[in-house]
Amino acid sequence: MTGTEFERVYRAVRLIPQAKVATYGQVARWLGWQHGARTVGWALRALPEGSDVPWHRVVNARGCISLADGERQQILLEAEGVAFSESGRIDLRVYGWAGPPPWWEADCL
DNA sequence: CGTATGACGAGCC
DNA sequence: AGGCTCGCCATAC
């Protein structure tokens with residue numbers, strides 16, 4: 001695991017509370033990458049199966065599942081209480097997470 | 001070290 | 001309105 005940067009992605013994703021979702025772009029911005037949404041997807045793709053990272057809580061900006069096989073992701077989200085529309089879309093106004101406070105990464109002095 | 005890739009996003013035609 | 005292209009970032013090769 002080379003990911004010093006990947007680890008940051010994982011740490012940020014782990015902060016997303018249950019029954020909430022965030023977009024790739026959002027996560028990227030938390031890490032300081034205004035246009036690094038693709039990198040977030042890359043990091044999540046590299047994620048092992050038994051990881052403690054709630055990767056399923058990350059969707060694209062439209063509130064849809066980008067993953068080709070998003071079936072499992074949708075099941076995981078629905079199990080948490082996230083509702084999907086008929087077209088498989090999530091209402092980000094309801095389930096979207098504002099993000100962590102700006103000091104989440106700061107140390108205790 | 002340069003090129004290619006990817007679970008995105010926003011802009012342009 | 002909808003589809004296509006380019007941009008952007010960090011890895012992989």
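We use all heavy atoms of the structure for the numbers below, so side chains are in, but hydrogens, waters and symmetry mates are not. Chain A is the first sequence line, chain B the second, and so forth, proteins listed ahead of strands; every chain is numbered from 1. Computed from a prediction, not measured in an experiment: that's the story for all the values here.
Note that CG of A/N60 and CD1 of A/I90 are 9.0 Å apart. Values are rounded to the nearest 0.5 Å. Going from atom CG of A/L44 over to atom NE2 of A/H56 covers 11.5 Å, rounded to the nearest 0.5 Å. The CD1 atom of A/I65 sits 4.0 Å away from the CD atom of A/Q73 when rounded to the nearest 0.5 Å.
For A/E5 and C/dC8, the CD to P distance is 18 Å, given to the nearest whole Å.
Applying the side-chain contact (heavy atoms from CB on, under 4.5 Å) test to A/I16 and every residue at least two apart in sequence or in another chain returns A/V13, A/K20, A/A22, A/W30, A/R57, A/V58, A/W97. Take A/Q74 and apply the side-chain hydrogen bond (donor to acceptor under 3.5 Å, both in side chains) test, not counting sequence neighbours, and it matches A/E78.
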Nucleic acid footprint by protein, nucleotides 6-13 of chain B - heavy-atom cut-off 4.0 Å, B for base, S for sugar-phosphate alone:
BBBS----
